[in-house]
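Just follow the structure's listing: the first ligand is 1, and inside any ligand the first atom is 1.
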Amino acid sequence: MYKYDQIVAPLLAWYDKNGRVLPWRSHPDPYYVWVSEIMLQQTRVEAVKAYFARFTEALPTIEDLAKAPEEELLKLWEGLGYYNRVRNLQAAAQTVMEMYDGKLPADFEALLQLKGIGSYTAGAIASISYGIPVPAVDGNVLRVMKRLSGSYDDILKASVKKQMEKDLLPVIPERAGAFNQAIMDLGAMVCIPNGKPLCQECPLAFCCIAREKGIQEQLPVKAKKSKRKQVKLTVLLLQYEDTFALQKRSEKGLLAGLWQFPNLEGHFTKKQVEQTLEQEVISIKKLEPYVHIFTHIEWHMRGYWIRLQKPILPEGYTWVKKEDLQTSYALPTAFRRYLDFVREEPTGIK
Ligand code: SF4
């Protein structure tokens with residue numbers, strides 16, 4: 001594992017000279033740190049400064065925040081967006097009034113219980129305002145750390161963030177708040193996102209694996225979240241004597257113009273399939289389910305092997321000899337899976 005303890009001293013020395021002067025830092029009151037951190041989620045530091053001044057002037061204490069009419073609250077937040085953040089802020093302030101006499105608890109776990117406070121914000125409040133040695137890991141911190149350690153872990157994974165919190169916990173020095181803010185500042189000013197980090201100005205260049213290997217711009221890895229649509233299909237392997245039914249797909253759209261086994265959208269039971277076919281069936285057997293993944297879509301396929309008494313099919317279907325299925329028809333991979341069943345008959349049939 002990367003030795004994070006080697007970064008502490010040079011990072012703090014750098015921070016003492018170069019740390020940013022921010023309004024909420026001159027009064028590291030837990031309330032101020034809290035409000036600023038919530039505002040900084042999805043908003044740039046420069047934009048937050050004016051909002052922070054306005055907000056804390058209008059609502060200088062947690063009690064004021066807890067009692068503020070919603071109208072005023074939303075007005076103060078206007079332009080920052082993500083209005084749930086300020087609603088959660090007020091709900092948490094009301095809890096703090098009820099449970100902690102208007103003072104944010106000096107306890108990481110207790111902070112985590114408050115609405116809208118996750119491990120990063122709890123870590124920031126606990127370390128900056130109360131000097132509690134806990135990390136505050138967000139995307140910026142992950143970027144810096146993954147470059148330092150030359151790691152290709154996907155930083156969008158919750159497990160990666162959790163592991164980073166675990167790795168940093170034993171490293172946090174007495175100046176916990178300064179350490180966490182130093183990483184934040186390094187990430188904002190030197191080890192910057194979307195572009196070349198300024199490695200020549202970095203106090204941690206001496207121990208940075210990404211710099212050593214020249215892979216700074218490849219890191220960190222953020223794998224795109226899959227937004228694939230899931231479609232359920234029931235595939236019908238319709239057999240009459242030694243022929244199987246095929247259908248040509250539409251000339252437009254996914255797998256345009258290829259051939260496919262007849263299929264129904266949705267997952268059908270054996271009984272529903274029989275009812276849908278409306279003809280005499282010799283036997284119907286369930287096949288193993290199969291998932292086929294395209295870039296934007298997933299087909300969750302169920303299948304039935306159905307032997308028919310007569311070759312009755314609606315228009316647009318063709319009866320194809322078993323041996324021609326393999327060679328003469330362009331079947332997409334998703335349906336070729338079913339050729340295996342045909343080949344391996346009767347294996348795969350339940
Ligand atoms: S040396 Fe470069 S890549 Fe490594 S931590 Fe510093 S700025 Fe980031």
Suppose we call two aromatic rings close when their centres sit under 6.0 Å apart. Are Y338 and F341 close by that rule?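 Between F341 and Y338, which both carry aromatic rings, the centre distance is below 6.0 Å.
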Can the ring centres of W299 and F294 be said to be less than 6.0 Å apart?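 Centroid distance W299-F294: below 6.0 Å, so yes.
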Check: R20 and M189 side chains under 4.5 Å, non-hydrogen atoms: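 Touching, per the 4.5 Å side-chain cut-off.
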In short, A188 meets R143 closest at the heavy-atom pair N-NH2, 4.4 Å
Under 2.8 Å from atom 2 (Fe) of ligand 1 - protein N/O/S, by chain and number: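 Only C199 SG fall inside 2.8 Å of atom 2 (Fe) of ligand 1.
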Tell me, which pairs form a ring-ring contact (aromatic ring centres under 6.0 Å, His included) where one or both residues lie in residues 248-271, sequence neighbours left out?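 Counting only pairs at least two positions apart or across chains, the ring-ring contact (aromatic ring centres under 6.0 Å, His included) contacts touching residues 248-271 are W259-Y329.
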Determine the sole option in W24, F52, F55 for which the ring-ring contact (aromatic ring centres under 6.0 Å, His included) test with Y32 is passed. F52
